[in-house]
Undergrad: 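Sending over a structure as structure tokens; questions will come in a sec.
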Amino acid sequence: MSTPRPVLVVDDDRDIREAIADVLRDEGYDVRLAANGREALADLAHGDRPGLILLDLSMPVMSGTEFRRIQLADDALAGIPTAVISAAGAMHDMIRGLGIHVVLPKPVALDALVALARRYCAPHAPQQGAAP
Amino acid sequence: MKPLRVLIVEDSEDDALLLERELRRGGWTPAVERVETEPDMRAALARGPWDVVISDHGLPAFSAPAALEVLKSSGRLDETPFIIVSGTMPDESAVDALRAGAGDFVSKQKLARLVPAIERELRDVELRRERRRALHDLQEAVRARDEFLSIASHELKTPLTALRLQVQSALRILGRGQAPDGDAALVSKLAVVERSTTRLGELIERLLDVSRVAAGALRLSRERVDLARVATDAVARLREPIEASGSTVSLEVVPAVGEWDRLRVESVAVNLVDNAIKYGAGGPIDVRVVDAGEEAVLRVRDRGIGIPPADQGRVFERFARAAPGEGYAGLGIGLWLARRIVEAHGGSIGVESALGAGTEFTVRLPKRGGAPA
């Protein structure tokens, strides 16, 4: 029996946050949003532990890299599966250096997004009607 | 009278004077130093720079090939032609010297050849210099273009991402035949798609402007514009991001009318307010427009994290990054382009910031036809 867990989406672009939230909610997942690393940390401090974190790297206030370092240093957070949503091309060495093995290059493919969520977040029953 | 700094390697004072006279006949005002030994030559080179080195072939304590090596090892051969003037140099030595980098060999019996030889060598030096400069400029232009293309592709991927997801999601919903409230869901998705395509269009215009500016081809189309209206519209346009960030915008404007390129001045205002939202950490944002007589002034202030003093000078650079080694955070083109647009109007844009206390941008626009700064 798997407990449904939310997806935490961290990206400074509002349209991207909302598009990802929209499509994942349509597929039956709970989604929480943060506009930068600092908001993501605040969310993690207060909410249920998410099953998956989708992390953009280049964000103002606190970048994805900085967030990741803080996440890794915190036992409560370090184990949360984290994938990078990336627009930059050749940053794989750097991303691997952060201990991250999955990159979703922008523009993100819906199938890849859903597959990740299915793997880590076990959905509610698919919703009838409009997304929340 | 053309000045010429000449280093002469020659043990005979008389022969050196002959050379000097020949140079004057050629129209130069030579500043001459004569050396006879290697240490003296090194010292003279260190005191440099020299326009040309003229060397006798054989001296008691020195020689032309040795002097050529000294010039080479000083790294100056490229900029300083080496000419051998000698009465008694065997042909093979002359050929060897030319192969080793000497510019020419002139016989003491035919000194009239000296001046044309030097002129030719100096022209070659200048040509090499120009070619190096052109190559450097070309490499710089290619590098800037490549950087621009990489930034542009990065920027374009952002609206494309939202677009693609919504379209794929709409297709999924339609594919599953899932649509009781279907229309409402699809309509809201298409609304996002529409917004994304508008953003894409604007982004492409901005990128085109960046390349126009780089090519010196930015042409303003001026009309009567009220800066107060521009500021108000910018804030209205960004209403949703403002609300989402938790910031409140305090808008204090008075009419300030000038002859400006409306669309471009609007893009400047939107860029500044957008930055204030991004970096304002949810704090209050002030947008002010004042009429300062000959010019109109727009001020946008946030209470965010501020810009470290070390970075303040770089904020308007073309591809400034949010932090070293970080991916590009989408700031670069905006402020660079804003500055170019403002300066094309004859105005100025400046920034004041303190860590933890926020950042204020000030734009000054001359009201009438200011020439580009």
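Proteins come first, then strands; the chains are lettered A, B, ... in the order of their sequence lines, and each starts at number 1. Bear in mind that the values here come from a model prediction, so they are computed numbers and not experimental data.
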Undergrad: Could you look at A:Asp11 and say if it's the side chain, the backbone, both or neither that has a heavy atom under 4.5 Å from chain B?
TA: neither

Undergrad: For B:Ala338 and B:Val268, which heavy atoms make the closest approach, and how far apart are they?
TA: CA-CG2, 3.8 Å

Undergrad: Assess whether a salt bridge exists between B:Arg206 and B:Glu202, defined as any Lys/Arg side-chain N lying under 4.0 Å from an Asp/Glu carboxylate O.
TA: no

Undergrad: For the residue pair B:Glu352 and B:Thr359, confirm or rule out a side-chain donor-acceptor distance under 3.5 Å.
TA: no

Undergrad: Taking side chain as everything from C-beta outward and backbone as N, CA, C, O, which of these in B:Ile305 sits under 4.5 Å from a heavy atom of chain A? Side chain, backbone, both or neither.
TA: side chain

Undergrad: Quick check: under 4.5 Å, non-hydrogen atoms only, which of residues 228-236 of chain B neighbour chain A?
TA: none

Undergrad: What residues form a side chain to side chain donor-acceptor pair (under 3.5 Å) with B:Thr161, not counting sequence neighbours?
TA: none

Undergrad: Out of A:Leu113, A:Ile16, A:Val114, return the one with the most heavy atom pairs under 4.5 angstrom to chain B.
TA: A:Ile16

Undergrad: Does B:Arg143 come within less than 4.0 Å of B:Glu140, counting only side-chain N to carboxylate O?
TA: yes

Undergrad: I'd like to know if A:Arg17 pairs up with A:Glu39 as an ion pair, taking the criterion as any Lys NZ or Arg NE/NH1/NH2 lying under 4.0 Å from an Asp or Glu carboxylate oxygen.
TA: no

Undergrad: Between B:Arg299 and B:Asp286 (salt bridge meaning N to carboxylate O under 4.0 Å), is one present in this structure?
TA: no

Undergrad: I need the minimum non-hydrogen distance between A:Val23 and B:Leu165, along with the two atoms involved.
TA: CG1-O, 3.6 Å

Undergrad: Using every non-hydrogen atom in the two residues, find where B:Leu203 and B:Pro159 come nearest and quote the distance to one decimal.
TA: CD2-CG, 4.1 Å

Undergrad: Mind checking which of residues 100-108 of chain A sit less than 4.5 Å from chain B, heavy atom to heavy atom?
TA: A:Lys106, A:Pro107, A:Val108

Undergrad: Is a side-chain donor-acceptor pair under 3.5 Å present for B:Ser169 with A:Asp26?
TA: yes

Undergrad: Restricting to side chain to side chain donor-acceptor pair (under 3.5 Å), what partner residues turn up for B:Arg262, sequence neighbours left out?
TA: B:Glu223

Undergrad: For A:Asp15, is it the side chain, the backbone, both, or neither that has a heavy atom closer than 4.5 Å to a heavy atom of chain B?
TA: both

